Amino acid sequence: GKKLRLAYVVEAVSGLSSVTLIERGTEVDHRSLTGSGPVVVEFFVMPEADTWYGLVVEDDRGRIAATNPVWVSVNE
């Protein structure tokens, strides 16, 4: 029942275009970005069950990078 803060620092040599938050393979939030960074990106989520989150970051040239997952355990 509590919000969880997920904070990441992202940057790209050629400049940032967007960042997408993924939960268990599904897009849950998307942000447009500008600049080469570093940029702090925060997401606030309320997981209801054990899950994982990851990011997909796109630079200004259309190149994509993905993070490893962050595993979240929900204690009931």
Side-chain angles (χ1 to χ4, degrees):
K2 296 181 182 178
K3 284 188 179 181
L4 173 64
R5 176 181 170 259
L6 300 172
Y8 301 88
V9 178
V10 296
E11 68 181 305
V13 173
S14 66
L16 295 163
S17 175
S18 67
V19 62
T20 302
L21 180 67
I22 306 295
E23 180 183 9
R24 282 195 239 167
T26 302
E27 179 180 324
V28 293
D29 203 347
H30 180 85
R31 308 267 173 83
S32 294
L33 300 174
T34 58
S36 60
V39 175
V40 176
V41 180
E42 293 182 314
F43 298 96
F44 293 90
V45 295
M46 289 188 62
E48 297 177 8
D50 293 352
T51 190
W52 61 264
Y53 294 95
L55 291 184
V56 175
V57 182
E58 185 174 351
D59 73 7
D60 283 341
R61 295 182 182 176
R63 294 178 292 196
I64 294 176
T67 66
N68 286 330
V70 173
W71 295 92
V72 176
S73 295
V74 176
N75 297 323
E76 297 180 24

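Keep in mind that what you see is a predicted model, and the values were worked out from it rather than measured.
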Between atom [atom1] of [X] and atom [atom2] of [Y], what is the distance when rounded to the nearest 0.5 Å?
X     : Y     : atom1 : atom2 : answer
Leu4  : Phe43 : CG    : CZ    : 12.5 Å
Ser18 : Ile64 : OG    : CD1   : 7.5 Å
Leu33 : Glu11 : CG    : CD    : 12.5 Å
Asp29 : Ile22 : CG    : CD1   : 10.0 Å

Legend entry - Result of checking Thr34, Val41, Val57 against Leu16 for side chain to side chain contact (heavy atoms under 4.5 Å, CB included):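 Among the candidates, only Val57 passes.
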Considering all heavy atoms of both residues, which atom of [X] and which atom of [Y] are nearest to each other, and what is their separation?
X     : Y     : answer
Arg31 : Glu42 : NH1-O, 2.8 Å
Ser14 : Asp59 : OG-OD2, 3.2 Å
Ser73 : Asp50 : CA-OD1, 3.3 Å
Pro47 : Val72 : CG-CG1, 4.0 Å

Inset, instruction - Verify the cluster assignment for Trp52 and Val56: are they in a single hydrophobic cluster under the rule of side-chain heavy atoms below 4.5 Å apart? - result: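 Yes.
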Legend entry - Student check: side-chain heavy atoms of Val45 and Lys3 closer than 4.5 Å: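 No; the side chains remain at least 4.5 Å from each other.
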Inset, instruction - Given side chain to side chain contact (heavy atoms under 4.5 Å, CB included), test Val39 with Val19 step by step and report yes or no. - result: CA-CA 11 Å; Val39 175; Val19 62; over 6 Å; no
Legend entry - Verdict with supporting geometry, Glu23 and Thr51, side chain to side chain donor-acceptor pair (under 3.5 Å): CA-CA 7 Å; Glu23 180 183 9; Thr51 190; 3.0 Å; yes
Inset, instruction - Tell me, with the steps shown, if Leu21 and Leu55 meet side chain to side chain contact (heavy atoms under 4.5 Å, CB included). - result: CA-CA 5 Å; Leu21 180 67; Leu55 291 184; 3.9 Å; yes
Inset, instruction - Check salt bridge (charged side-chain N to carboxylate O under 4.0 Å, His left out) between Arg61 and all other residues, then give those that pass, not counting sequence neighbours. - result: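 If we apply the salt bridge (charged side-chain N to carboxylate O under 4.0 Å, His left out) test to Arg61, skipping adjacent residues, there are no hits.
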